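A note on names: the letters A, B, ... follow the listed sequences, proteins ahead of strands, and every chain is numbered from 1. Since the model is a prediction, treat every value here as computed from it, not as a measurement.
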2 protein chains.
Amino acid sequence: MTLAEKAYDALRHDIIRGELAPGRPLRLSDLSERYDMGFSPLREALNRLHAERLVTAESLRGFRVAPLSLDELHDAVDVRIKVECDALRASIKLGDDSWAAGIVSALYALNLQVGRTGPDADIWTLEARHYAFHRALLAACNSPWTLEFFERLYAATERYRIPTLLAAANPAGRDVQAEHSALAEATLARDADKATALLEAHYRRTADHLTSVFGMDKASGMVAAG
Amino acid sequence: MTLAEKAYDALRHDIIRGELAPGRPLRLSDLSERYDMGFSPLREALNRLHAERLVTAESLRGFRVAPLSLDELHDAVDVRIKVECDALRASIKLGDDSWAAGIVSALYALNLQVGRTGPDADIWTLEARHYAFHRALLAACNSPWTLEFFERLYAATERYRIPTLLAAANPAGRDVQAEHSALAEATLARDADKATALLEAHYRRTADHLTSVFGMDKASGMVAAG
DNA sequence: GCAATAATTATTTTCGAAAATCTTTGGAAT
DNA sequence: ATTCCAAAGATTTTCGAAAATAATTATTGC
């Protein structure tokens, strides 16, 4: 693995996790020290991330972590619902046994981690399994373009979920585990209408929760309208 | 405008237009001579284009123009139809007078160019206006994510259309101008069902035509399955 | 002849410094 | 005090060479 690839992985990781705060300038000298490499691999990584809209770039003024905004969150969630519901229908139509088994397996691993407490309760393992579960649902859609857009939108929305994940602040009266189980059940039963309805509700609840948590909080890197 | 930005524009242009053939290796020494600049800005541009899937990259083995394949074409067209039909419905719901005027204007400019022959018949002006027309239809959808995906998919499918554009080979019995006019008319009449049906038919016809033109022609840079 | 291996060449990747540009600071004039 | 301008400093961008890796060619042993 080249340094540029390591830089890409590390920067993407740190941006999505919020270790590099939204809006923060990404100075090459800082990054060079932080990741212990020269400018060239860093600039290559930053250009890739710029193409993915995780960093902003301004000519001769360098790069910044892309800001967050409630408008963007709502847009990303709306588009996600459309893209993933279509993909889920395609998966339900096309998926074979190994696709179904992948969902069962991913849900099981996710629930194991949800149940853990104390030193085993690693938020990042949980997050990785949450991603894996949603990815498994769509795995059989047979559309590389759809899956790429799913990845983009997942990364974009994950940035908003991190603060509440770190606070372990699940909304009162919401059983996310039950939502996942119901979603998996409807999918495995090949009930596309029910599954997509559950998926949409799942995302709308998450978006509503996040909207209430970020009350246009300036300190969190949120930015008004545009 | 920095050299890296110029390199990005030039490379993207040459790849989409087919001047750099699909699958062709993009050696830095060649590119350095072709575009008259050093390695650094070229590598930055290539990394951006890699993130956009217009070039492929293999660790320590450099970059290539992304290959074409019928599978990818069909996937891109299918996803495009879903994304653009949703966006068109949103635009029809939200669009104001200036959006409608933009469509009329774009269609008029497109038709002007379609009618030109001889030295004024510039294929690239035509192509730019074709893009502008389709973009104008979606302009009011109020979803940056949707518009970004539209741009990605437009660029991806444009690559397949270039050879037939250059051959000026419109399919017999197809009046693309009439298709555009009908699409604009239904959109301006705010008839979402009709407009999306016309849009889907428009793209399916194009895809069918391209599928028949590229009969899995090896020389065109096409690649089997996946 | 042919396979394996060493030597050579070609190419990508990375660094460190130079060039270009932006930002801040300090001072002079109004 | 405020605005303007120049100088100094900070930062990005680019280059050219060095290092690392891959690909090719030549050589050796059988």
Side-chain angles (χ1 to χ4, degrees), chain A residues 1-16 18-68 218 221 223 226, chain B residues 1-16 18-67 218 221 223:
Chain A
M1 182 179 256
T2 65
L3 280 179
E5 289 164 339
K6 284 182 194 146
Y8 171 80
D9 288 346
L11 277 165
R12 184 175 192 275
H13 181 276
D14 291 351
I15 289 169
I16 290 176
E19 286 165 41
L20 295 169
R24 164 171 168 168
L26 295 167
R27 294 224 179 73
L28 286 167
S29 51
D30 295 349
L31 299 179
S32 179
E33 182 168 9
R34 181 185 178 103
Y35 300 112
D36 189 35
M37 58 182 72
F39 289 0
S40 308
L42 287 168
R43 285 186 64 85
E44 292 184 18
L46 288 167
N47 274 288
R48 281 181 69 178
L49 292 165
H50 172 50
E52 295 175 17
R53 304 277 189 271
L54 285 173
V55 319
T56 61
E58 220 177 340
S59 221
L60 294 174
R61 276 184 229 184
F63 302 88
R64 289 169 170 275
V65 179
L68 301 180
K218 307 283 188 193
V223 132
Chain B
M1 181 177 256
T2 65
L3 279 180
E5 289 166 337
K6 283 182 195 147
Y8 170 80
D9 288 346
L11 276 165
R12 184 173 190 276
H13 181 277
D14 290 351
I15 289 169
I16 291 176
E19 285 164 42
L20 295 169
R24 165 172 166 167
L26 295 166
R27 294 226 177 70
L28 287 166
S29 51
D30 295 351
L31 299 179
S32 181
E33 181 168 11
R34 181 185 178 105
Y35 300 112
D36 189 33
M37 58 181 73
F39 289 1
S40 308
L42 287 168
R43 286 186 62 85
E44 291 184 19
L46 288 167
N47 274 288
R48 282 181 68 179
L49 293 164
H50 172 51
E52 295 176 17
R53 304 276 189 274
L54 284 173
V55 318
T56 62
E58 219 179 338
S59 219
L60 293 174
R61 276 186 229 184
F63 302 87
R64 290 170 169 274
V65 179
K218 308 283 184 190
V223 134

Can you list, pair by pair, the side-chain donor-acceptor contacts under 3.5 Å of residues 41-54 of chain A, counting residues two or more places apart and other chains?
unit_1   : atom_1 : unit_2   : atom_2 : d
Arg43(A) : NE     : Glu44(B) : OE2    : 2.5
Arg43(A) : NH2    : Glu44(B) : OE1    : 3.0
Arg43(A) : NH2    : Glu44(B) : OE2    : 3.3
Glu44(A) : OE1    : Arg43(B) : NH2    : 3.0
Glu44(A) : OE1    : Asn47(B) : ND2    : 3.1
Glu44(A) : OE2    : Arg43(B) : NE     : 2.5
Glu44(A) : OE2    : Arg43(B) : NH2    : 3.3
Asn47(A) : ND2    : Arg43(A) : O      : 2.8
Asn47(A) : ND2    : Glu44(B) : OE1    : 3.1
His50(A) : ND1    : Val55(A) : O      : 3.3
Glu52(A) : OE1    : Tyr8(A)  : OH     : 3.1
Glu52(A) : OE2    : Tyr8(A)  : OH     : 2.6

Nearest-0.5 Å distance, CG of residue Leu20(A) to NE2 of residue His13(A): 11.0 Å
Contact check, side chains of Tyr35(B) and Leu3(B), non-hydrogen atoms, under 4.5 Å: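 Counting from C-beta outward, Tyr35(B) and Leu3(B) never come under 4.5 Å.
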Contact pattern, 5' to 3', of nucleotides 11-22 of chain D - B, S or - by protein heavy atom under 4.0 Å: SBBBB-----SS
Pairs touching residues 54-66 of chain A that satisfy side-chain hydrogen bond (donor to acceptor under 3.5 Å, both in side chains), sequence neighbours left out: Ser59(A)-Glu5(B)
Summary of side-chain hydrogen bond (donor to acceptor under 3.5 Å, both in side chains) pairs that have at least one residue in residues 18-34 of chain A, sequence neighbours excluded: Asp14(A)-Arg34(A)
